[in-house]
Each structure stands twice: as C-alpha cells, then as structure tokens.
Protein chains: 2
Amino acid sequence: MSKEGEKLRQARDEFVAQWGALGTQWGINRTMAQIHALLMTAPQALTTDDVMEELEISRGNAHSNLKELVAWGLVRPVVKKGERRDFFEAEKDVWQIFTIVARERKRREIEPALAILSKCAEDSRSIRTPEGVAFHEQMRALEDFVGFASKMSDRISSMKHGFALQMASKLFG
Amino acid sequence: MSKEGEKLRQARDEFVAQWGALGTQWGINRTMAQIHALLMTAPQALTTDDVMEELEISRGNAHSNLKELVAWGLVRPVVKKGERRDFFEAEKDVWQIFTIVARERKRREIEPALAILSKCAEDSRSIRTPEGVAFHEQMRALEDFVGFASKMSDRISSMKHGFALQMASKLFG
DNA sequence: CTGACTTTTCAGTATTTACTGAAAACGTGA
DNA sequence: TCACGTTTTCAGTAAATACTGAAAAGTCAG
C-alpha cells in the first residue's frame, strides 16, 4: 500500500516538475504549467492552499496563476456545499485541452499577426517601385497563409474528437 | 520617387517592429523576430553590419541572433564573390517557413513532452490503487494524443504546398 | 609571418518577467 | 453592525533573459 502510494507520488511529482520545465519552452511560465499538471492529475478539486503547499509557492503566485488558468479555460472553479473556499479542477479530456489551447493560441498569436500583415499589405498596395511591389507581394503571401491557417484551426477545433481522428486516419492511413 | 521610397520604408519599419513584438508572444525573443522580419523583406542579402545599423543593436546581439536563425533554418549564410564578409538571406517561401517552424517546434516542444509522458505512464503502469490507475490512464491518454499530433505534423510538413492546400480545400470546401 | 579585416566569445550590465508577503478588500453569518 | 475566513492586490525583490562592448580568435592576402 504505502509502497504503491509512494510510487504514485513519485511519478506524479516527476510529471509536475517536468511539465513545468516544458512550459517554459512553450511561452507559458513554469508555475502555471506546474499547477496545470497538478490539477490534471488530482483525484479531486484542490484549494489555493493545497496548491501553495504542494508546490511550495506563495499565495499571490498561486492565486494569479490559477486565475490565468481559469482565463484560458483550462481550469474551472467549483463550489463545494458547506465550503467557503474556492476549489479548482482542470479539464482532463485531451481533445478539450487541445481545442482550448488551439483557440487561445489562435487568439493570441495568429490574429495579431494577421492584423499586422493586413495593415502592411494595405499600406504598400499602391507603391510602384520594384522593391515596393516585392514587399507587398511578400505581405500578401504571408497574410494569405496565416489567414488560411486561422481558418483551418477553427474548423479542426470545432470538430468532435472522434470525427477528427477518423478523418485523420482516412487521410494518413 | 522619394515619396514612394519613404512610404515603403515606413511600412517595412512597421512590419519589423510589430513582428518583433509578436515574437515575444511566441516564445522567441524580440530581436530574433525583428532580424527575421528584416531579412524576409530585404531585396538582397545583408551583412551583420547592415543588421546592426538597421536595428541599432550591438554586434554581439546581431551575431548571436543571426546564428540562432541559421540554426533554425530560417536564414542561410550566402557567400558573395570578392567579398570577405558573410551575407545572410531569409527563406521567403511561406510554405517552407511553415514547415521549418513546424519541424522545429515539434523537436523542441512535442518530442520532450512525449518523452515525459511515456516515462510517467511506464512508471505508473503497475500501480493498482484507484488513484494510480487514474493517473496511468491520464498519462496514456496524453501520450496517445501527443504522439498522434507528432505524426500528423510530420505528414503535413513533408507535403508539397500545393498538395496540402488541395487536400485542405477538399476537406473544408 | 604580418597586418588588415572579420567573426566569435563572454564578463558585466540592463531589462524583463516572475514571485513574495503583507495589507486591503470582500463576503457572510451572527 | 462586527468578527472571521477568504480572496485580491501590489510594492518591493528575486530570478531569468537579453544585450553591450571590447578582447580574443580566426582568416586570408601579400
């Protein structure tokens, strides 16, 4: 019993630590990734104090990262009857996680890029020098591609998991 | 003439600045993104000194970010006959850029994640407590999904642009 | 080999980002 | 209303990251 419990704790700690390290590679901060890992593998919803204790971080830190995770939609607050404190639980379904992350990255990375490209393409539309034309063409090419990627992302995110998988299997056998 | 030239310079400066700002959103640093933008819109290959001057940055900074871009494969050094200095030019084809970035992100973000998930799944395989089983299942689900994403990324990256586009059109009308 | 030019390295510094801890604000039952 | 448990904010600080500038190393023609 204790042995199995120990083994699980070890595996889970490993996961939390490594997922945190990985988070820094992706543009998100270590603590946020750690909290996410912790909640994804928690049997029940946890309080802010649980998170603070488990990761040995301050209240402010736990609070702001939990808030951020809720803003992403990767974590939701849950109310427990007879409890005044807030509890938090993570979305555990991988397809849900994927679509949330895809949507958020689209909003934060793709859409701003598209706005810039559209503006630069527009601003250079009327320039007739060879350099100007080349610049305009480059902006348009990028704009087209990013716009296309944006649309693809939407379509895939709005699919049901089973359907997306089935489609992919058909394509790639 | 001067008016058009002015307009182009303005549009290009805007692009470089904004692309740099965007870069920080993606986990890459501002300067690297700016250099990339500069080279993507340069009529000819540039030297380190050109980059330093245009972006008002130090030699060391220009050097290390150019090196990094070359390591990514987004920029290549070119030799000019009768010139001792190194020149640099960016890949301009959007599909090429996409596949390079996709490959690199896979290597840096997906593969390490897969390694962690495999290890944690393996380490928890034999645990028989309900919590242990749940943990193991969660790790396996994540592993499967990430593995699948990795394979998809490979397949798409190795396609020709035209083919990928055509396929996407068929799927999404 | 020497001298001129170029690239590379890196210690020191600046900037950005993340975290702490304590105070303030909030909400609720009595 | 107050007292208590909880959440939220934020000034100050710590840590991580990026940049500078100058020295060292490399390269090549004569």
Side-chain angles (χ1 to χ4, degrees), chain A residues 16-39 45-72 74-89 108-109, chain B residues 16-39 45-72 74-89 108-109:
Chain A
V16 170
Q18 299 279 18
W19 202 251
L22 214 72
T24 58
Q25 292 281 356
W26 293 63
I28 75 166
N29 82 46
R30 183 187 310 274
T31 305
M32 185 171 150
Q34 285 180 331
I35 296 177
H36 184 227
L38 189 68
L39 290 175
L46 303 183
T47 62
T48 302
D49 292 74
D50 294 332
V51 172
M52 288 168 61
E53 190 175 336
E54 196 73 42
L55 302 179
E56 302 182 40
I57 59 177
S58 72
R59 180 172 306 283
N61 194 12
H63 175 75
S64 60
N65 281 294
L66 278 165
K67 207 171 142 192
E68 184 78 1
L69 282 163
V70 170
W72 272 68
L74 288 169
V75 164
R76 37 180 178 271
V78 300
V79 288
K80 291 216 176 182
K81 46 189 174 185
E83 269 285 5
R84 245 163 100 173
R85 292 172 300 170
D86 283 352
F87 285 73
F88 298 93
E89 70 180 9
R108 294 172 183 228
E109 300 174 357
Chain B
V16 170
Q18 299 278 22
W19 202 250
L22 214 72
T24 58
Q25 292 280 358
W26 293 64
I28 76 165
N29 83 44
R30 182 186 309 274
T31 305
M32 184 169 150
Q34 285 180 331
I35 296 177
H36 184 227
L38 189 68
L39 289 176
L46 303 182
T47 63
T48 303
D49 292 74
D50 293 333
V51 172
M52 286 167 62
E53 190 174 335
E54 195 75 42
L55 302 179
E56 302 181 41
I57 59 177
S58 72
R59 180 173 305 283
N61 195 10
H63 174 76
S64 61
N65 282 293
L66 279 166
K67 207 170 141 193
E68 185 77 2
L69 282 163
V70 170
W72 272 69
L74 289 169
V75 165
R76 36 180 178 272
V78 299
V79 288
K80 291 215 176 183
K81 46 189 174 185
E83 271 285 6
R84 244 164 99 174
R85 291 173 301 171
D86 283 353
F87 286 72
F88 298 92
E89 71 180 9
R108 294 172 185 230
E109 299 174 359

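In what follows, chains are A, B, ... by sequence order, proteins preceding strands, each numbered from 1.
Expressed to the nearest 0.5 Å, how far CD of E53(B) lies from OG1 of T47(B) amounts to 8.5 Å. Atom CG of D86(A) sits about 9.5 Å away from atom NE2 of H63(A), to the nearest 0.5 Å.
dT7(D) atom P lies 10 Å from atom CG of L66(A), rounded to whole Å. Separating the CZ atom of R30(A) from the P atom of dA15(D) is a distance of 13 Å, rounded to the nearest angstrom. In this entry the distance linking CD of Q34(B) with C1' of dA18(D) reads 12 Å, nearest Å. For the pair F87(A) CZ and dT7(D) C1', the computed distance is 14 Å after rounding to whole Å. For the pair D50(B) CG and dT7(C) P, the computed distance is 11 Å after rounding to whole Å. When the P atom of dT6(C) is taken as reference, atom NZ of K80(B) falls 15 Å away, rounded to whole Å. The interatomic distance linking E68(B) (CD) with dT9(C) (P) rounds to 13 Å, in whole Å.
Salt bridge absent: R85(A) and D49(A) never bring a charged side-chain N and a carboxylate O closer than 4.0 Å.
Side-chain nitrogen and oxygen atoms of H63(B) include none within less than 4.0 Å of the OP1 or OP2 phosphate oxygen of dT7(C). For the OP1/OP2 pair of dC19(C) and a distance below 4.0 Å, the side-chain nitrogens and oxygens of N65(A) include at least one atom meeting the criterion. The side chain of K67(B) places no N or O atom within less than 4.0 Å of a non-bridging phosphate oxygen (OP1 or OP2) of dT7(C).
The nearest pair of heavy atoms linking L39(A) to F88(A) is CD2-O, 3.5 Å. Nearest approach of M52(B) to A62(B), heavy atoms of both residues: CG-CB, 3.7 Å.
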Can you pull every protein N or O that's under 3.5 Å from an N or O on nucleotides 20-22 of chain D?
unit_1	atom_1	unit_2	atom_2	d
dT20(D)	OP2	S58(B)	N	2.7
dT20(D)	OP2	S58(B)	OG	2.8
dT20(D)	OP2	N61(B)	ND2	3.1

Table of protein N/O atoms under 3.5 Å from nucleotides 25-28 of chain C N/O atoms:
unit_1	atom_1	unit_2	atom_2	d
dG27(C)	N2	R84(A)	NH2	2.6

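Side-chain atoms of N61(A) and S58(A) include no donor-acceptor pair closer than 3.5 Å.
With a 4.5 Å cut-off on side-chain heavy atoms, W26(A) and R108(B) do not count as touching. In this structure, the side chains of W19(B) and H36(B) come closer than 4.5 Å at one or more pairs of heavy atoms.
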Show the numbers, then the answer: is there a side chain to side chain contact (heavy atoms under 4.5 Å, CB included) between L69(A) and I35(A)? CA-CA 9 Å; L69(A) 282 163; I35(A) 296 177; 3.7 Å; yes

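When the nearest nucleotides of DNA chain D are assigned to F88(A) and T24(A) by heavy-atom distance, the more 5′-ward of the two goes with F88(A). Map N29(A) and R85(B) each onto its nearest nucleotide of DNA chain C; the residue landing nearer the 5' end is R85(B).
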